[in-house]
There are 2 protein chains.
Amino acid sequence: MTVTIYDVAREAGVSMATVSRVVNNNPNVKPQTRKKVYEAIERLGYRPNAVARGLASKKTTTVGVVIPDISNSIFAEIARGIEDIANMYHYNIILCNADKKKDKEIRVINTLLEKQVDGLLFMGGTITEDHVQAFQTASVPIVLCATKDENGTIPAVDIDHEAAAFDAVSTLVRHGHREIAMISGTLQDPANGYSRFQGYKRALETAGIEYQEDLVRIGNYRYESGVEAMKYFLGLKRKPSAIFAATDEMAIGAIHSVQDEGYKVPDDFSIISVDNIRMASMVRPQLTTVAQPMYDIGAVAMRLLTKLMKKENVENAQVILPHETILRLSVARLND
Amino acid sequence: MTVTIYDVAREAGVSMATVSRVVNNNPNVKPQTRKKVYEAIERLGYRPNAVARGLASKKTTTVGVVIPDISNSIFAEIARGIEDIANMYHYNIILCNADKKKDKEIRVINTLLEKQVDGLLFMGGTITEDHVQAFQTASVPIVLCATKDENGTIPAVDIDHEAAAFDAVSTLVRHGHREIAMISGTLQDPANGYSRFQGYKRALETAGIEYQEDLVRIGNYRYESGVEAMKYFLGLKRKPSAIFAATDEMAIGAIHSVQDEGYKVPDDFSIISVDNIRMASMVRPQLTTVAQPMYDIGAVAMRLLTKLMKKENVENAQVILPHETILRLSVARLND
DNA sequence: CTGTTAGCGCCTTCAT
DNA sequence: ATGAAGGCGCTAACAG
C-alpha cells in the first residue's frame, strides 16, 4: 500500500541507501543518479516517513511547547514567536495547554518526552521540585519561557517583572501621584503576581510613599476582576488618584469601571499597567502601559532552544528582555 | 543509555511482549506479573518511546492542525477547542501557522503527513484544487474548520456566514435603519469576506433597500481598517445611520472612529458586526454582534475528526453550527 | 559515489 | 497468560 524507500530504490535501480542520501540532500550522489531517484519518487508519489526516520536517527525535528492557555492573547503572541523561529529552523511544534495546573504540566511534559521531542519549551505557573525532577529525567534541552525557576539554574527567557512594575509605578509618581492603588494578581504567582507587586512596593518606597494595604486588591488578571477592584477603590472615602494594574486586561476593566461610574480617565483617575496587549491601543483613552515584548520572548526562547539542541555553547542561558514604557493617554499629570 | 522495553523485560524476568501488554493495558496479564513489571518500570525509570510505537503500530496519536495565525484571537479560541477535545481523546496537536498563504499551507500539509499524523484539521484561506489534491494523497482523515470547499465534499465544520451577516443587517433594519453601510473584508475570502457581504446584500434586498456601492468599504479585518472605513463614511455628505462590519475588530475600530470625531454610538451611528470576540464586551458601548461559537467550532471539528479516525461512520460530515445575535448597546432604534 | 548490513524500540500475530 | 520472532521504514556506519 504505502510506498517505502525500498520501492523507490527498486524503481530507480539503486540501493535504498542512495535513495536515503538524495532525500536527505547528501552531496555524495552523482547528479545523474540523483535525477533517476527523483523521477522514481515522483512516479511513485513517495513520501518519506518521518516516524521511521525519527526512530533510526533519534531526532524528530519537533519540539514540545507547554503553555498555560493558547486562547490567552499574551501566550498566543508568544506562541507565534516560537512557531515562527521553529519553522525557520525546520522544527515543528507540539502544543499542549496545561492551564498552570501542576498535575497537567507534569503529565504533558512526560508525554512530550515520550514522543521524543528534540527539546522542550515550558511556560507555566510556579516551577516546583516536581517540575525540576521531570525536567531532569529528560535527555533533551529545556528552556523556560515567560517564567523562571527560583534558583535560576534552568535556561529561561523573560522580562524583569519587578522592574517593569517599578517603572510603571514610578511613571505615576513622576506625574505627581502619591495615592497609588494597585490591582495585583495572586501573590502565589511568581512572575505576574508576586514580582509585579514587589515592584509596586519598591517604587512607593523609593518615592517615600507609605504602603497602604487597603490600596491593594487582588484580581485574577481578567477584565472583570479589574472592574471589581476599581469599584472597590471608587467606594473608598479617600480615593487614590492613580491605579497600577498588574495586567492590561485588569487595567482596561478599571478604565471602564471608572467611566461607568461617571468619572473620567485620566482626569479623575490615572491608570497604568504592564503588558501592552493589542487591546491597549484599542480603548479610549488608550492605555499607558509598560510593554513586554511577547513575540520576542517566544522567538528568543525558541532560538535559544535551537542552540541548545545543536549543542552549541551559549554564553548566557538566562536572558532578560527589555521592557519599555509606552506613554499613551490614561495617565495625567496631577495638578494640585 | 536509554532504557528500553527489553531492559524492563529482563529486569522483571518476563518477555518484552508481556511488558508491552502491561504498558498498553492489555487485560491478558496476570495481576502478579503486572505488578512485577510495574516495579521494574519504576526501578529503571522506563519511558515508552512513542516514536518506536508509532512505527510499529502505525498510529502516532497526534493530529496536525494548520491554522492561519495563532496570534489571532479567533483562531486561538478555535485552537483551544481543538486542543481540549484532542486531549480528551488522548491526541496531541502539531500546530502550524500558515498565514492563509497557499504555498505555505500545501507545504505544512505535506510535512504533517510525513510526520504520520493520524488526522488533519485544516483552517485557512480558499481551498484550491492544489489543496484538494494534497488532501487526496493523504491516507488519513481531514476536516476543514472554519472554512469550506466549494463542492462541499470534504468534512467541515463552520457557521453559515451568509446567514449570520443577514441576521446582523436585519437587526439593523428592524431597528428602523435604512441607510446601512458595510465594512467588508476582501471578496476573495469565501467565508468572512464574500459570504458576509452576500448576507448584507440579501438583507438589504429583503428589506427593499437599494444597494449602494459607495456605502461599502473593503477592510482587512483589523481594527485600523475599521477606523479608516468609518472615517470615510463620516466624510460622506449623506451619512449612513448604521454600519455593519464584517468583523468585531473592524466594528470596534469604527466605534472609536465615531467617538474620536465627536459623535456618539449608538446615538448618532449604530454599529453591529459578526464574531463576538471577548473584546466585544470590553468596549464602551458594548458591541452588539452576531456570535459565532469559536470554541465549539474547534471542539466539534476535532470530535468529528476523532470519529473519522476511528472509522466510525458519521451521519453528517458537513456541520453548520448555529450563530446567535447578542444584543448589547451599540445599536439604537431610529426615531424618525 | 554506491551498496550491504545492522539496528532504532516497539507491536503483533502465532504458538504454547 | 506468556514467549518467540518478524517486521514497521529508515539511517548510519562500513566496505568497496
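Keep in mind that the numbers below use all heavy atoms, side chains included, and drop hydrogens, waters and symmetry copies. Numbered from 1 within each chain, the chains take letters A, B, ... in sequence-line order.
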Atom CD1 of A:Ile41 and atom P of D:dC10 are separated, to the nearest Å, by 10 Å
Rounding to 0.5 Å, atoms CD (B:Gln116) and CG (B:Leu55) come to a distance of 9.0 Å
Are the side chain of A:Gln318 and the backbone of A:Gly152 linked by a donor-acceptor contact shorter than 3.5 Å?
yes
Separation of D:dA12 atom C1' from A:Asn28 atom CG, nearest Å, is 13 Å
By nearest-nucleotide position on DNA chain C, the 5'-leaning member of A:Pro31 and A:Ala17 is A:Pro31
Atom NZ of A:Lys59 and atom C1' of D:dA12 are separated, to the nearest Å, by 12 Å
Would you please confirm or rule out a distance under 4.0 Å between OP1 or OP2 of D:dA1 and any side-chain N or O of B:Thr33?
no
So CD1 of A:Ile142 and CG of A:Leu121: to nearest 0.5 Å the spacing works out to 10.0 Å
dist B:Asn110:CG -> B:Thr137:OG1 (nearest 0.5 Å) comes out at 6.0 Å
Output for pair (A:Cys145 SG, A:Ile82 CD1), nearest 0.5 Å, gives 4.5 Å
By nearest-nucleotide position on DNA chain D, the 5'-leaning member of A:Met16 and A:Arg21 is A:Met16
Original post:
Does the B:Asp69 side chain pair with the main chain of B:Ser71, one donor and one acceptor, at a distance under 3.5 Å?
Top reply: yes
What residues 44-56 of chain B contributes to the DNA chain C interface at heavy-atom separation below 4.0 Å is B:Tyr46, B:Pro48, B:Asn49, B:Ala52, B:Arg53, B:Ala56
Taken to the nearest whole Å, CG/B:Asn24 to P/D:dT2 is 15 Å
- Query: With sugar-phosphate meaning primed atoms plus P, OP1 and OP2, does B:Ser20 contact a base, only sugar-phosphate, or nothing at under 4.0 Å between heavy atoms?
  - Reply: base
Nt span of DNA chain C in reach of chain B heavy atoms at under 4.0 Å, 5' end first, is C:dG9 to C:dT12
(Q) Can you see if the side chain of B:Lys58 gets near the phosphate of D:dG9 - specifically, an N or O under 4.0 Å from OP1 or OP2? (A) yes
What do the steps show when you test A:Arg80 against A:Asp84 for salt bridge (charged side-chain N to carboxylate O under 4.0 Å, His left out), and what is the final call?
CA-CA 6 Å; A:Arg80 179 70 209 218; A:Asp84 279 359; 3.0 Å; yes
Sugar-phosphate, base or nothing in reach of A:Val23, heavy atoms under 4.0 Å: nothing
*Hey, is B:Glu105 close enough to B:Lys101 for a salt bridge, meaning N to O under 4.0 Å?*
no
Inset, instruction - Look at the side-chain N and O atoms of B:Ser15 and state whether any lies under 4.0 Å from the OP1 or OP2 oxygen of D:dT2. - result: no
Residue set satisfying side chain to side chain contact (heavy atoms under 4.5 Å, CB included) with A:Ala56, at least two apart, ordered chain then number -> none
